[in-house]
Amino acid sequence: MFIGHFAVAFAAKKVAPKVSLGTLIFAAVFLDAVWPVLVLLGVERFRIVPGFTAVNAFDFVHYPWSHSLLMTVVWSFLLGFAYFRARGDRVGGLWVGIAVASHWLLDFVSHRPDMPLYPGGNARFGLSLWNSLPATFAVEGLMFAAGVAIYARHTRAKGRNGTIAWWALVGLLLALYIPGPWSPPPPNQQVVAWMGLALLAIFVPWGYWIARPRQVAPAGA
Ligand SMILES: [Zn+2]
């Protein structure tokens with residue numbers, strides 16, 4: 001799942017208004033921040049198999065440290081607690097943790113049965129939403145639309161920058177997401193990993209930056 005994780009980050013702004021959108025994006029995609037690093041280090045492995053699912057060519061062979069259920073719980077606690085310690089915002093810390101955990105659930109729905117419960121475990125889980133392109137676009141598209149609507153409703157643009165920065169973010173995510181299934185498979189694993197890190201390097205700072213020209217709407221607005 002791709003823009004579905006962003007949908008979670010956008011929607012979380014409603015329940016965790018004090019947490020910057022950059023932090024919420026980082027939390028929601030955190031497992032996919034750990035994953036490329038471990039791929040580049042040779043700790044986790046995946047194969048590029050054209051046509052492996054209707055949506056992409058990724059066969060996730062081994063990724064227990066970034067994407068097992070147990071490690072997701074560990075990462076969720078670590079990030080949630082780190083946020084709480086840094087900001088003293090208990091509610092914010094709780095939602096940062098939930099945003100991290102949501103990633104596993106959404107990947108579990110999308111991936112083929114390749115998600116382990118814990119490092120070393122043999123059982124693999126996944127509901128294979130990616131086997132259907134229309135179903136993937138429907139589910140992820142609706143989630144994204146809902147997330148965008150919730151964020152737009154609960155924040156206010158301070159001037160034109162606040163409007164442009166937000167809608168450009170939404171537009172760029174869609175422009176990257178929609179052509180995916182029709183694009184040629186990536187040449188190798190390293191390119192995929194670096195592209196994943198590049199996306200983080202763009203969208204997390206963008207989320208922090210947007211907090212200036214876009215602020216939380218006053219209660220009742
Ligand atoms: Zn993932």
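As the structure lists them, so they are numbered: ligands from 1, and atoms in each ligand from 1.
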Subject >> 4.5 Å side-chain heavy-atom contact, Leu169 and Phe10 >> reply: yes

Subject >> Under the side-chain hydrogen bond (donor to acceptor under 3.5 Å, both in side chains) test, residues paired with Tyr151 that sit two or more places apart >> reply: none

**OP:** Kindly indicate, with the supporting measurements, whether the criterion side chain to side chain donor-acceptor pair (under 3.5 Å) is fulfilled by Ser128 and Arg112.
**Re:** CA-CA 4 Å; Ser128 303; Arg112 284 196 172 192; 5.5 Å; no

Original post:
the Zn ion (ligand 1): which protein N, O or S atoms are under 2.8 Å away?
Top reply: Asp32 OD1, His67 NE2, His103 NE2, Asp107 OD2

Original post:
Partners of Phe52 by ring-ring contact (aromatic ring centres under 6.0 Å, His included), sequence neighbours excluded?
Top reply: none

**OP:** Taking all non-hydrogen atoms of both residues into account, name the closest pair between Trp166 and Ala152 and its distance.
**Re:** NE1-CB, 4.1 Å

Please output the side-chain donor-acceptor pairs of residues 30-48 that fall under 3.5 Å, not counting sequence neighbours, one pair per line with the distance.
from: Asp32; atom 1: OD1; to: His67; atom 2: NE2; distance (Å): 3.0
from: Asp32; atom 1: OD1; to: His103; atom 2: NE2; distance (Å): 3.2
from: Asp32; atom 1: OD2; to: His103; atom 2: NE2; distance (Å): 3.4
from: Glu44; atom 1: OE1; to: Ser66; atom 2: OG; distance (Å): 2.6
from: Glu44; atom 1: OE2; to: Trp65; atom 2: N; distance (Å): 2.7
from: Glu44; atom 1: OE2; to: Ser66; atom 2: N; distance (Å): 2.9
from: Arg47; atom 1: NE; to: Asp59; atom 2: OD2; distance (Å): 3.0
from: Arg47; atom 1: NH2; to: Asp59; atom 2: OD2; distance (Å): 2.7

